[in-house]
Structure formats: C-alpha cells, structure tokens
4 protein chains.
Amino acid sequence: MSDKRKRLIESALELFVLNGFQGTPTSQVAKHAGVATGTLFHHFDSKADLIQCVYQHCVDLRAEHSTISDGSLTVKQRLKDLFLGRIAWGLSNSAALTFIHRFENSAFASPDDELLKDPNLVALIQEGQSSRKLRLIDAALLQLSVESLLDSATRFYSRYPEKYQDEMHKYSSFNFFWTALKY
Amino acid sequence: MSDKRKRLIESALELFVLNGFQGTPTSQVAKHAGVATGTLFHHFDSKADLIQCVYQHCVDLRAEHSTISDGSLTVKQRLKDLFLGRIAWGLSNSAALTFIHRFENSAFASPDDELLKDPNLVALIQEGQSSRKLRLIDAALLQLSVESLLDSATRFYSRYPEKYQDEMHKYSSFNFFWTALKY
Amino acid sequence: MSDKRKRLIESALELFVLNGFQGTPTSQVAKHAGVATGTLFHHFDSKADLIQCVYQHCVDLRAEHSTISDGSLTVKQRLKDLFLGRIAWGLSNSAALTFIHRFENSAFASPDDELLKDPNLVALIQEGQSSRKLRLIDAALLQLSVESLLDSATRFYSRYPEKYQDEMHKYSSFNFFWTALKY
Amino acid sequence: MSDKRKRLIESALELFVLNGFQGTPTSQVAKHAGVATGTLFHHFDSKADLIQCVYQHCVDLRAEHSTISDGSLTVKQRLKDLFLGRIAWGLSNSAALTFIHRFENSAFASPDDELLKDPNLVALIQEGQSSRKLRLIDAALLQLSVESLLDSATRFYSRYPEKYQDEMHKYSSFNFFWTALKY
DNA sequence: TATGAATGAGAGTTCATTCAT
DNA sequence: GATGAATGAACTCTCATTCAT
C-alpha cells in the first residue's frame, strides 16, 4: 500500500473520530496527511469510499491484534486470551475502536458489513458449543452477546483506565464473562 | 407540544434513520412534515438542536414503554418484564431504536448524554446487588453489560422476527440473560 | 417570471456567447446578474438546465419577432416578411442567434429539441406545397433547406452589415431565396 | 504521423462527438487510445490544441473525399458529383461531420477558421458565375447558401437513411439544389 | 518517447439559516 | 406563528497539466 494512501487513512481515522464524518472535510484530511486534495481522490473514489476503507483498516487491525491463541488451549483459555486481548487493543487503539462503533451505527454501514465480524471468534463459539463447553442457546444470539459483552468490558476499562491496572478486577470481569457463557 | 413540532420530530426521526444526519437536509424534513423551511427554525434553534430533540424524544419513548413493573415483584420477574418489554418495544419501534444507537455513537453525543440511561434500570440493578440477587461485580460494568445484553437480544429478534413468535426461544433467551446476571 | 430569473437568463446568454459554456462558470453568471450563487440554483436545477432555458428563451424570442403576417397575404409575401424579419431579428439579436447555433450544435441539444422549430414556418410550407406555390419536393427536406437558407442570409448580413442598407441587395437576395423555393 | 497520435485523434473525435468537449476529459481520450495520460501532452500542447487538430483532421478528410471531378465536365455535372459526394461522405462519416458542425459553432472556432472552407468549391462557384452557369448574386452569399444546402441535404439523408436508397429521391433533391443555383 | 501518480485551482452544487412579507 | 425566496460559505470532486522515472 502506497505511503500516501496509508497516511490518508491514518489522518482520516484521527480526524473522523475527533470531529465526526460531516465535521471533517476531505480537504482537511488531505492537508493533515500532507498531500494535495486531488491525491485523496486518486486513492479513494469518494469520501464515502474513504470512510469505508478506514473502517476496513480498523477491523483488520483489530483482528490482527486479537488473533485467538493456538487451538491446543482450552476454550476457556482461548476466550480469556481474546477477552484480555480485545480490552488491551481497545485501550491502546481507542480511536480505531470509536471509529468502528461510529461507523457500524452510521448510515454508511451497509448490511454486507456483517461480514466483517471476526471469523476466528465465530469459529471458536461454534467449537465451544459443539464440545459442550459453551451454552447451547441460539448460535446467532450467542455471537451477538459475546461481541457485546466484549464491547462492554472494553468500554468500561476505557472509561476507568485505573481499574485496568487491578489484576483482581480483570480476573473478576473475565469470570463474569465466562460464567455467562459456559455450559 | 404543537402539532407542527411533533410532525417535524417524527419526520426527522424517519428520515435520519433512512438517510443519516448528513443525508437529510432540513428542507427535506420540513417538506416531509408539510411545513415551510423557515418553520423548522421557529421550533428548533438549529439542525443540531433538532437532532438532540429527536434523541430526547426517542429515549423518553423507550423509558415510557419499558417502565419496570411494581416493586413488589422479585428482581428476576422485574428483569424479565424489562427484558421482554425492551425487545417488544424495539421490534415495534425499530426506527427509534436505530436512532438511539446512531446518535449515541455519533459525534453529536456529548458525554452528558450518559445521563439519559434508564434510571429505573440503574435503580433495579442497585437493588439487585444490595439484596444479593445479582452478581457483585463492579456496578458500572454490570450496567453496561445489562444494557448491551438487552441490545443484543433486541437486535437478534429484529433480525429474526419469526423466532420472536417462539415462546420457548424467548424463554431460553431470558434464561441465558438471567443466568449471566444472577448471584 | 421573477426578475432574478430573467436577469440570470440574460446574463447567461451574454456570457455564454462571449466565453462559451465551459468558459463561463455559474458563479460568473450569478455575479453578473447581481444575485448569490445559490439563487441561480434556486431557479435552475443545474448549469445544463440553465443552458436549456436560455435556449428556450432565445427560440421564443425569435418566434415572437418573426411572426408570420396574417394569412390573407400571398405565400410569397408571407415568406418575404419572414425572410426580412428573420434577418432583421438576427442583426439586432446576434447574441441570441449565436447562442441558438451554438446550442443546437452542442452536446447539450437532445433530439427532442427538433420540436422547437418554428411551427408557423412549418405550417406555411405545408400550405405553400398544398396550393402548389412551393416546390413539391420532400417536405422535410424543404423545411431543412428553408431554415438553412434563412440562416445563410442572416449570417451573410451579420458579416457584411453595410450591405443590409442596400435595398437592391436585399431584394436580390430574397429573389434568390424565392426562386429556389417556388413551384 | 505516429501511430499513437493517430489513435489519439480518432479517439478524441469519437468521444467529443459522443459526450462533447467538456464531457470528455483528456484522461478518457488517452485511455480510449490506449496510451498514458502524459503521452497525450507529448503530441498536443493542450486540450484546445487537440480539439483544433481533430477539426483540421476532419476538414482534410472531407476535402479529400469530395474532390471535385475533373474540369472538363460541365459545372452542373461537377456540382452533382459534389452534391452526391458530400452526402455519401456525410453518411459514412457522421462523426466527423458532427464534429465539424460542433467545432464551427463553438467558442473554440476563431474567425480564421473560415479559411478551412473547401477551396475547390469556392473555385467552382467562381467559375460557374463567370461563365454564367450560376446565378449572379453576391458571391459570398452564394457560397454560404451552397454550403448550407449541401448541409441540409446531408442532414436530411442522415436522418432518413432509407430514402438514400431511392435513386428518384436523390435525383429530385439534386434537381431542387441545381434549380436554386443555376443561372 | 512514454509513463501515470501527483497536483491544486477551480468547478458545480448544497444547505443551514435568515428575514421581509 | 408561518412562509419560502434568497443567501453565500463551504463542500466534494474534477481534470488539464506536470515531471520524476
């Protein structure tokens, strides 16, 4: 990926989170990235395309940094790695996380964007249900619930970062998470 | 509240959900409500004010229709009423629900808007924890988690409305919800 | 027709003839007409619509000022009135005439614009052929030819305005025109 | 002439006729010709220069294919060859013909472009008038009229190509043309 | 000669907001 | 209170042209 394209995406992410989609003119994104206005449209079809690409970038980033640990571990251990990984990523990538939420709830998100859900997580849940380690409720509902509980925890620690230092607190949070899901 | 103001809010809700904030000019809202463009600005200071008022309207509506049943019932029963009430309201007010999500994740939402969280729910959780009916994890995390689990269930039944007819399915969903929270 | 709309059309006509369609920004038209840029788009959907309306305006103007004299005159006399009327109008409305030519040969002209041909002239030719005063060649070809001969004469006198003073010259020109058409 | 230059001119002709001057970016011309955007500007100084060159190309083409037959034939016969030749060329080169009209009526045409009128035709008319085969009206007016009648006939047969098959029809059309001009 | 990413001035158009009626 | 024509700053996007390779 060209250097200019990368800088444009990073500038867009920062500014969109700061001022919203409408509050951020493409000219400002270009200037912040140190390129000409025309260059932005050389790399992206439109502002909407830029927004979509920033979203893709954030989702890829998140997936990359919360890869589920190797399959030899127990389901519980893998969920714990995921739980802590997601929170850690959210804390050090709050802009990307905010962007994901903003985009997914905006008019820019099309139904197809469902596809961007983390496939590793989907597989883990399936495995957990098959092996009776996770509750046998409707799989789609379970997936939605897992995602939203991960989100809640991440939001929580984002808002109270001091509690993130407390290992007991995190242990207790994960315990709540696990108890909710386990068979 | 004047009739025109009401129609403006309802038109705004519908159009904002359909086309987003930026995708909906005030002129379109006015036309859809059957009033002149200038009239909108007699009732609202600005477009941002209109958006804020629509949000308030939606939150009020939701609170109104998910009043928690009287305090003599058990915590579990009241949570069940809330769980089913929220889902029912979400299914028949999907526009308002989408608007709430869209607004809360947009750049329009200020931190103060936390206050608009349902106070009845906050009180119920507090009571549940005090009387050891609900898990004793961090109260703020529990609130976030309850809200997000309610959202997950609502989103789920919005997407698969046919399952909403299945009483067993709903029972199982609530059971999952309750098991996650109970002491 | 509103005053601002009229001024916009007149400014557009003048500037489009002077600098062409691409050479004339809508902002310049608005400024020349003494209105805001937005006002132009309040009266016209787009630049293309403005161009179309200017064309309509010019065609109407030409038809208005070359109304064929009353039907009691001979076909020859009516054609003479038309011939001289068209030339006179062309000489004192050269901008409008240039605009008509420019538009009709541009990519803006759609096939439907054929309809804007002068209906009085069409009727006169038909009558002339029916009464065997005009040549009995293919009516469509005759119409095209009459139009183009009128154009030629107008272009000629526009380029050599001094000859327009010479009554003999005009007589001779009409004689050529008539001889070409008569039965 | 280099192969790329030739392809650029042909692409430009096709696209300018289809979408107009403003509707055709140079990048599109380059792509259609299968060359890089920069290459266009090695062969032409500017877009205006390209347009001018396409015009020159079309006028040359037309002159080439409507060479007036050898001087031993009568004026009438030579005019007939010209008349039929022009129509035939126009029918099989409608893009070039449309381009000529479009250019000559556009803001790109400078007065000097008069010079591009067919010199053979000018000479033929002069000879015809000298030898009293053609009407003795103002030579400039006669030239304009001949050109415009040739255009009318060409436009006519372009619009009704089926009539072009009818030899009687063509004979009658030429007869009309000749009667208009003859002494 | 050829390339095509980069440029940036400038275009058409939008739209929140005002205000005379 | 209601109207809707008018405003003009600001926006997204275009495209002729350049230049390092």
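For clarity, every value in this text was computed on a predicted model and none was experimentally measured. By convention in this document, chain letters (A, B, ...) are assigned in the order of the sequence lines, proteins followed by strands, and residues within each chain are numbered from 1.
The two residues A:His32 and A:Ser11 come nearest to each other via the heavy atoms ND1-OG, 2.9 Å. Annotation for C:His43 and C:Arg5: closest pair O-NH1, 3.3 Å, computed over non-hydrogen atoms. Here the shortest heavy-atom pairing between C:Glu104 and C:Ala109 reads O-CB, 3.9 Å.
Comparing D:Gly34 and A:Lys4 by the nucleotide of DNA chain E whose heavy atom lies nearest to each, the residue mapping closer to the 5' end is D:Gly34.
At whole-Å resolution of the value, NZ in D:Lys31 and P in F:dC15 are 12 Å apart. Rounded to whole Å, atom P of E:dT13 lies 14 Å from atom CG of C:Leu8. Distance CZ (D:Phe108) to C1' (F:dA16): 12 Å, rounded to an integer number of Å. Atom-to-atom, CZ of A:Arg5 to P of E:dA5 comes out at 13 Å; the value is rounded to the nearest Å. In this structure, C:Leu40 places its CG atom 13 Å from C1' of E:dA11, rounding to the nearest Å. The separation between C:His43 atom NE2 and F:dG4 atom C1' is 11 Å, rounded to whole Å. Distance CZ (B:Arg7) to C1' (F:dA2): 12 Å, rounded to an integer number of Å.
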Counting primed atoms, P, OP1 and OP2 as sugar-phosphate and everything else as base, the B/S/- map of nucleotides 14-21 of chain E against protein heavy atoms under 4.0 Å is BSBBB---
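Base pairing annotation: F:dT14 forms a Watson-Crick or G-U wobble pair with E:dA9, both donor-acceptor distances under 3.5 Å. Partner assigned to E:dA20 is F:dT3, using Watson-Crick or G-U wobble distances below 3.5 angstrom.
One N or O on the side chain of A:Thr24 and one on the backbone of A:Leu15 form a donor-acceptor pair closer than 3.5 Å.
Ring pair C:Phe16/C:Phe99 is tilted by interplanar angle, where 30° to 60° counts as tilted.
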_Worked verdict on A:His65 versus A:Asn93 for side-chain hydrogen bond (donor to acceptor under 3.5 Å, both in side chains)_ = CA-CA 11 Å; A:His65 288 87; A:Asn93 293 82; over 6 Å; no
